[in-house]
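Worksheet for the structure shown next.
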Amino acid sequence: MIMQQVLNGLVIGGVYALTAMGAAMVYGILRILDLASAGAYAIGAYAGLFLYLATDNIVLSFTGAILLTGFFGTAVQKLLYIPMLNRPPIVPLIASIGLFIFIQDLLRLIAGPRIRVFNVQLPFSAWRTENLTVNPTWILIILLAAAFLALLWYILTRTRIGLAWRATAQDLEIAKAMGVNINKVVALNFFLGYSFAAAAGIMVGMLYSSVFPTMGDVPAYKMLALIVLGGLGSPVGTVIAALLIGLIETLVAGYIGFFLPRDAIAFVALIIILLIKPEGLISKKA
Amino acid sequence: MTQKRMFTLLALFVTMALLVTGCGGTQSAQSDNKGPVKIGFFAPVTGPAAADGESVLNAAKLAVETINNDGGINGRKVELVNYDDALDSKQAVSIAQKLTTKDGVVAVVSGSYSGTTRASAKIYQDAKIPMISAYALHPDITKTGNYMFRQSFVGPVQGKAGAKVAVDMLNAKKISILQVDIDFGKTLAAGFTEKAQQLGAEIISVDSFSTGEKEFTPVLTKIKQLNPDLIYIPGYAAECSQIVRQAKELGITAKILGTEGADSTVQFLGVAKDAANGVIITTNMNRDSDRKLVQDFIKDYNQKYGYKPDMVAASTYDAFMVLANVMKTKGTEPDTIRQGLTEVKDYEAVTGLIKGYNQLGEVKKSVQVQIVKDAEFHYFGEISDDDIITPPSE
């Protein structure tokens, strides 16, 4: 049973990691808490679903959807956040809440309020022993999450644009003065961030075979918990926080049967961990 | 020149004032027996419960159309005055105020959930406008006063019926309960537990989940270890479909018994697909009924809206039909409608034979038991024992 629960926890954690990664990157570079990336999660899921219905090819629809959502992200930063950069942080935060609500209602108007069924038949079936069941979608989720995070790690640590990203995250003004093309860095940041969120949205849509306009609601606030827990804008910290919260939620729900809803467990864990380590799991100075 | 302009403005103002009061005058002229009969309606057409909201609004429109096609209320057309409460109690309250003071409705149907219906019930009661709650099942709604009626089973009735199905029809001895952690799940589970224990079964585990939960593998892994004969899930379609899917994936072989919350063709059958086969639910609609009324409703609804109606749609449709029937014989004054509702006896509705409403306004009718076969709900049984289906009267 413990094996099964750890696997369950890792799958959930992987999804959380991808969902929160986009917002963590945006926070890391612009210091904006971007709730609208939970909207990107829903957009990705819908785009994936519609492309799948049109092409019947999951690889094509997956790629198409994350690219589309990525471009949407660059448009959002250009039209919405860049003009607000010199305002107090509360202004872009409220704008992002507005954008998130707008996205949800737009999806409802376009695709209707009902759950849309996202049923993808994978070419492998579940693997089952006495004590352990492994669902093919879970494997896909873990592999994809690992691949995306490896890609991010590679970009951040091994490329010039990654270097520019890190410089910008440290101090936007100084990086600009040193000749870093801030616009390019920010645009790529949003492109990647929204693509991650879209990938998470599609995978969750497939995992639960359902896509609906308000599917971003829970990720929107859980994402915030993960960013804070991860040490505000640290990508590595966010991944660790996501896996940790996934595991804690699963083990608490499976063994203790908490009196709080599962989503609240994330916040209880957040409070406890922050009491012990107020700077988050990975602090900026570390 | 300025004086002239002032006069013009004044004249304009007076005209507008007259127009506004004039409008008010026609709106409240409800008892002239010539204009349309207005029935108020509210449902969560947007917001988190938008799918049910859309379903019931469709049903309300279909009901009004059917009533009007059949000649209306003794020659008068029925007009639907509908609002979207977005599943927000504050909006439900202001809708109630609008319906009772401005719109001049003679009766109201709630197509919304317990929270919103409860919040607005007192306003309808104070305004002495009868309200039928189509499917909200919190006991307090009818306790608000004598103008409140309910079209669907109150929680304990359906819970007890579920226990009868589990123990007597499915021979379950060890039962796990997985309930949604709100009034809906709790009242159903309480009724279920009481009756199941009385019938000799043992409840081996009770777990709760919140609405909107999608991930049940942790708790299902735990339940699998306990090896129950049956899992009872008082919850809504979105969660039930995930429970059923994930239980199947984990290789759980226990029988699964749901409630009317899972009675949804799109959200439950559509999402759960093959995993739903064999799932049994207690509900108030028998799809295999040979009554023409039921088959016509299913056919008309499907033709008009492109999907098969669910329990909430059927209950809402019936609420309007019951009102129309009462108004035809008793008249269209709110007081006479209320009186008429208390006198309803053996009325043939889509959701079965309505034996009547008790002094609390609770409906009495048989509980339907449906089983999923090939992604469709089919007849499995019917619970009509008097001790189970008689609703509490206080």
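What you see is a predicted model, and the numbers here were worked out from it, not measured in a lab. First the proteins, then the strands, lettered A, B, ... as listed; each starts at 1.
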Quiz prompt | Gap between atom CG of B/Leu250 and atom CG of A/Asn8 - 0.5 Å precision | solution = 7.0 Å

Exercise. Pick one of side chain, backbone, both or neither for B/Glu249, based on which atoms fall under 4.5 Å of a heavy atom in chain A.
Key: both

Practice problem: Using a cut-off of 6.0 Å, state whether more than 12 heavy atoms not belonging to B/Lys308 lie near its atom NZ. | Solution: no

Quiz item: Who in residues 203-210 of chain A is close to chain B, using a strict under-4.5 Å heavy-atom cut-off?
Solution: A/Met206, A/Leu207, A/Tyr208, A/Ser209, A/Ser210

Quiz item: Where does B/Gln225 contact chain A at under 4.5 Å (heavy atoms): side chain, backbone, both or neither?
Solution: side chain

Quiz item: Hey, what do you get for CD1 (A/Ile12) to OG1 (B/Thr217), rounding to the nearest 0.5 Å?
Solution: 5.0 Å

Quiz item: Which region of A/Phe118, side chain (C-beta onward) or backbone (N, CA, C, O), has a non-hydrogen atom less than 4.5 Å from a non-hydrogen atom of chain B, or is it both or neither?
Solution: neither

Quiz prompt | Straight-line distance of A/Asn135 CG to B/Arg245 CZ, nearest 0.5 Å | solution = 8.0 Å

Exercise. Examine whether an atom of B/Ser55 lies under 4.5 Å from a heavy atom of chain A, and if so say whether it belongs to the side chain, the backbone or both; otherwise answer neither.
Key: both

Quiz item: Taking the side chain as C-beta and beyond, is there a heavy-atom pair between A/Val11 and B/Glu215 under 4.5 Å?
Solution: no

Practice problem: Give a yes or no on whether A/Tyr221 atom OH has more than 12 heavy-atom contacts from other residues, nucleotides or ligands under 6.0 Å away. | Solution: yes

